[in-house]
Every structure is written in C-alpha cells, then in structure tokens.
Amino acid sequence: MRKYLLLLLVILAGCSTSVERDGQNLKVIDVPLRSSNHEIRMSSFVDSISYIPLETKDECLIGFVDKIVATNDYYYVVDKQKTSSVLCFDKLGKFVRKIGERGVAPGQYVEITDVNVYKDRVYLWDCSMGKLFVYSANGHLEQEVKEDYWATTFYVLDDSWVAFCSGYTTNKAYLKDNSYPNLLFVNINTGQTSPDLYYDSRICTTGIVGSDFNFISNGNLVFSLNDTVYQALSPSILKRKYAMRFGEELEKTQKEYVERLKTEKIDAYQGDKLMKEIPCMYMFLETPSYSFLRYSWRDYYYVGIINHKESDTYMEAVGYKQNAVVNDMDDMAVFIPLATYKNAVYSCISPGRFIESKAFGKQVELDDNPIIVKFELK
C-alpha cells in the first residue's frame, strides 16, 4: 500500500502563504485521525455497484489507468505512461475514438500531463511543451494555447478560464516578493493571468511529498503541508471550503517542518520519512450526497467521508497499510475512488478479479482492458 500511495503522491504540492480569500463559508472539521483500524461498510453510503468492461482491441489497448473522466455519454480513460493516449468509450464500454496523436509534428503532443473534459471538449495539457490542446467532441484539434507556467494538473472552469496547479515548482516568471504561486488562473482566449496560493521561495521542495490528484472533482484541490480544501471557481476565484483540523500537536509538527525546509536541504528519501509524521491530504472528491477525502499518517491510510445529507457529518475509515472501506455488497470492487460525476464515484478494476469470480455475468480474459466500476451513492 505504501508503494501505491507513493504512486499517487509523486508531484510536489505547496503550503500557502498568501491571503486566502472567500473564506466566509469555510467549514471546520475536526478529524478523528484514529491510530487503530476502523472499518466503514460500503453499504452505508453506496446504493449500487455496476461494472463496465472496456472493449479490448488493438487500437484501444490500455496499459495503466492514470485518470478517468466521466460525462453524460462517455468515459475518457487516460493512460499517460504505457500508451500515452486518451481513449473514449461509450457508457456500455464500446470504444469510440482516440483523442489526439502523440508525436513531434504540428498539432501533436509529446506527453500527457493531465486531461480535462468541459462541454464535450477535451483539454490535454502537455507540460513538456508548455501547450494546452483543445479538441472537439469528435476529436478534432480546435485550439493550441502556449503557456509558460509549469503545472502538473489543471481544471477547466468555463469556455475561457483554466486553473493550473504546479505545486512547489520554480515558475520564475511569476516570482513575487520571494514567493512562487502554486496556482495560476489563465484566460486562454485573452492571455490574462491571475496567480494565487504563493509559497516561500526558500523552501526546499525536494523534502515534500505531494499529490498530482488535484482537480479531479469540481475544481477541488488539496496540498501537502496545508490543511485546507480549496475550490477553484470561474473566472479566477479561489474558495476555501473546509479546514481540516488534525489536532494542535500535529499542526505544530507541520509548522516546524515547514520552517525546517526553509533552512535545510532535505532530499526525497528524508522527506518521505519525515512527512509520515504529518497528516498528508492527497485527494478530494465531491458529489451532491458525499465528499471523500483521502489522507495518510504514518502507515495508516484514511478515507474521510463528509455526509452532505446530514449537515456535513464526518466519518473516518482507517486501516494500517490497507484500505478500510469494506465491500459488504458484492465482495469484488475495492473502494479506491478515481473520479466523480453527478452522484456516482468511479474506479477501475483488473479483469483478473472477475475471472476468479462467478458473480460477473460477462466473459473476460486476463489480458483484457480494465473494467470501470461505478458506485452509485445513496
């Protein structure tokens, strides 16, 4: 599980030193942060589970699922490393089209950093090129936008505004008062920019383990060494949604580590070890009924569940080196959320799990594409 978490927490993220705006509706949540296993049954918040096998053929082979984007009509599956492709499937799992082409010719991307979908348009960010590619619903390239901001994730706010998140990266063009912005709002039609969430340029960034799982749900983002859940809104507004309180002692430990990073050179190995003593949030997903926060501390892995139907009451599942959300419904899918759409959470599962089970009605092979899992919430 630690290895899996490190795959999630691979991009450096930041703690804010800027004046945080729009905080009048900020909700404070006192996090239990249990240090012993505490399970939550999936049936307490999930209404039903369905499985969508993705069609397997040569033109749509998936090596690894880095991201899922669900819309009314399609599933977009992003494979950054193995095939470097964005594949579109319909709601039955039938392959529809591939978005864009990898290469060095005009209109082609070199690598995929992140992908978003807005109003049937597909947005692909290639950080190595500093380019945002905008494709129509049928996969036709409509626009290329050059941007000099190094970012690992982004979110499309409307037809004009896009929010880019870098996380503890030296974007020298935006240096201000010895600080760098973790967030940049960009109007892709006019070129207007608005930076936010600045961090102290003295901080040793190699000592921070961060997350590239921001902006996967409704423009929400979290940062290591920062206990606030933010939401980017159009045109260039940063909202503080939740303040997660992990206790005075751990807040003190976090602040001391931030100060230490300003004066010491700490490498990635040391940073990983030291940051295990600080609660680290790395994913926030939102639906109308529930929101889900994933975080870690020491060797415990947590899923925090905010129940919007009951005045944002908070439940916490915790497992020592394991997932503590128990599937008591069909004993097949593991609750590792990757995306949300409307009132459902989406994940994926290897076809090998279904070969061993008779509960799944469709024939699958070991080398088939992954299977989309849809958790419809109560």
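- Proximity of Val334 to Ile349: side-chain heavy atoms (C-beta onward) are nowhere separated by under 4.5 Å.
- Annotation: the span from Thr71 atom OG1 to Asp90 atom CG amounts to 10.5 Å, rounded to 0.5 Å.
- Looking at Asp79 and Val65, their side chains never come closer than 4.5 Å, going by heavy atoms from C-beta outward.
- Lys276 approaches Asp299 most closely through the heavy-atom pair NZ-OD1, 3.0 Å.
- The pair Lys57-Glu55 counts as a salt bridge, with a side-chain nitrogen and a carboxylate oxygen less than 4.0 angstrom apart.
- Residues Asn343 and Ser289 bring a donor and an acceptor atom of their side chains to less than 3.5 Å of each other.
- When Tyr180, Tyr149, Trp150 are each tested for a side-chain hydrogen bond (donor to acceptor under 3.5 Å, both in side chains) with Ser166, only one passes: Tyr149.
- Between the side chains of Ser136 and Asn138, at least one donor-acceptor pair of N or O atoms lies under 3.5 Å.
- A salt bridge is defined here as a Lys NZ or Arg NE, NH1 or NH2 lying under 4.0 Å from an Asp or Glu carboxylate O, and Glu376 with Lys374 meets this definition.
- Between Leu33 and Tyr295, the closest side-chain pair of non-hydrogen atoms falls below 4.5 Å.
- The shortest distance between side-chain heavy atoms of Phe213 and Thr153 does not fall below 4.5 Å.
- Within 6.0 Å of atom CG in Asp177, 12 or fewer heavy atoms from other residues, nucleotides or ligands are found, so the atom counts as exposed in its surroundings.
- At a threshold of 4.0 Å, the pair Arg245-Asp227 does not count as salt-bridged, since none of the basic side-chain nitrogens sits closer than that to a carboxylate oxygen.
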Stepwise side chain to side chain contact (heavy atoms under 4.5 Å, CB included) test for Asp368 and Leu54: CA-CA 8 Å; Asp368 280 354; Leu54 299 177; over 6 Å; no

Check against side chain to side chain contact (heavy atoms under 4.5 Å, CB included), Tyr314 and Val31: CA-CA 8 Å; Tyr314 192 76; Val31 181; 4.3 Å; yes

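- A salt bridge does not link Glu147 to Lys131: none of the charged nitrogens lies less than 4.0 Å from a carboxylate oxygen.
- Listed for the Arg102 side chain is a donor-acceptor partner under 3.5 Å among the backbone atoms of Val110.
- Heavy atoms only, all atoms of each residue included: Ser36 and Val318 are closest at O-CG1, 3.0 Å.
- With a 4.5 Å cut-off on side-chain heavy atoms, Ile68 and Ile372 count as touching.
- Using cut-offs of 30° and 60° for the angle between ring planes, the Tyr199 and Tyr168 rings count as tilted.
- Between the CG atom of Leu366 and the OG atom of Ser350 there is a distance of 6.5 Å, given to the nearest 0.5 Å.
- Counting heavy atoms of neighbouring residues, nucleotides and ligands inside a 6.0 Å radius, atom NZ of Lys172 does not exceed 12 of them.
- Crowding of Glu142 atom CD: a count of heavy atoms from other residues, nucleotides or ligands under 6.0 Å exceeding 12.
- Taken from CD1 in Ile237 to CG in Leu157, the straight-line distance is 10.0 Å, to the nearest 0.5 Å.
- One side chain, Ser128 or Asp126, offers a donor N or O that lies under 3.5 Å from an acceptor on the other.
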Steps toward side chain to side chain donor-acceptor pair (under 3.5 Å) verdict (Asp328, Ser43): CA-CA 6 Å; Asp328 60 333; Ser43 61; 2.5 Å; yes

Stepwise side chain to side chain contact (heavy atoms under 4.5 Å, CB included) test for Lys378 and Lys309: CA-CA 10 Å; Lys378 292 184 175 180; Lys309 299 184 296 181; 3.7 Å; yes

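- Nearest approach of Tyr109 to Ser84, heavy atoms of both residues: OH-O, 2.7 Å.
- By the 4.0 Å N-to-carboxylate-O rule, Arg34 lies close enough to Glu316 to be salt-bridged with it.
- Applying the side-chain contact (heavy atoms from CB on, under 4.5 Å) test to Lys342 and every residue at least two apart in sequence or in another chain returns Asn72.
- Donor-acceptor pairing under 3.5 Å is recorded for the side chains of Thr340 and Ser217.
- Side chains of Val222 and Leu293 form a contact here, defined as non-hydrogen atoms less than 4.5 Å apart.
- Remark: of the listed residues Asn218, Ile306, Ile216, Ile306 is the sole one forming a side chain to side chain contact (heavy atoms under 4.5 Å, CB included) with Phe284.
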Test ring-ring contact (aromatic ring centres under 6.0 Å, His included) applied to Trp297 and Phe246, step by step: CA-CA 10 Å; Trp297 178 54; Phe246 294 97; 9.1 Å; no

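- Enclosure of atom NZ in Lys82 is not indicated, since only 12 or fewer non-hydrogen atoms of other residues, nucleotides or ligands lie within 6.0 angstrom.
- Annotation: side chain of Phe45 is in contact with side chain of Leu377 (closest heavy-atom distance under 4.5 Å).
- Inter-residue side-chain proximity for Tyr155 and Asn116 is flagged as met; some heavy-atom pair is nearer than 4.5 Å.
- In this structure, Tyr135 and Phe133 have parallel ring planes: the angle between them is below the 30° cut-off, well short of the 60° mark.
- Relative ring orientation between Phe375 and Phe335 is described as perpendicular, the plane-to-plane angle rising above 60° on a 0-90° scale split at 30° and 60°.
- Shortest non-hydrogen contact noted between Lys91 and Ile52 is O-CG2, 3.7 Å.
- Salt-bridge annotation for Lys262 and Glu259: present, with a side-chain N of the basic residue lying under 4.0 Å from a carboxylate O of the acidic one.
- Residue Glu256 holds its CD atom at 9.5 Å from CD1 of Ile278, rounded to the nearest 0.5 Å.
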Side chain to side chain contact (heavy atoms under 4.5 Å, CB included) between Asn369 and Cys60, intermediate numbers included: CA-CA 9 Å; Asn369 272 336; Cys60 62; 4.2 Å; yes

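- The CZ atom of Phe95 sits 10.0 Å away from the CG atom of Leu61 when rounded to the nearest 0.5 Å.
- Note on Glu59 versus Lys98: no salt bridge recorded, every NZ/NE/NH1/NH2 to OD/OE distance being 4.0 Å or above.
- Linking Ile, Leu, Val, Met, Phe, Trp and Tyr whenever their side-chain heavy atoms come within less than 4.5 Å puts Tyr230 and Phe215 in one cluster.
- Closest approach of Met329 to Asp47, counting heavy atoms only: CE-O, 3.7 Å.
- Residues Phe185 and Ala232 come closest through the heavy atom pair CE2-CB, 3.9 Å.
- Residue Asn178 holds its CG atom at 12.0 Å from OH of Tyr198, rounded to the nearest 0.5 Å.
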Audit row: Phe89, Tyr75, ring-ring contact (aromatic ring centres under 6.0 Å, His included) steps and yes/no: CA-CA 5 Å; Phe89 298 84; Tyr75 297 114; 8.5 Å; no

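- Taking 4.0 Å as the cut-off between side-chain N and carboxylate O, Glu286 and Lys241 count as a salt-bridged pair.
- Here Lys67 pairs with Asp114 in a salt bridge; the nearest charged N to carboxylate O distance falls below 4.0 Å.
- By the criterion of side-chain heavy atoms lying less than 4.5 angstrom apart, applied directly or through intervening Ile, Leu, Val, Met, Phe, Trp or Tyr residues, Tyr346 is grouped together with Tyr282 in one hydrophobic cluster.
- The aromatic rings of His308 and Tyr242 sit parallel to each other, their planes meeting at less than 30°, with 60° as the upper class boundary.
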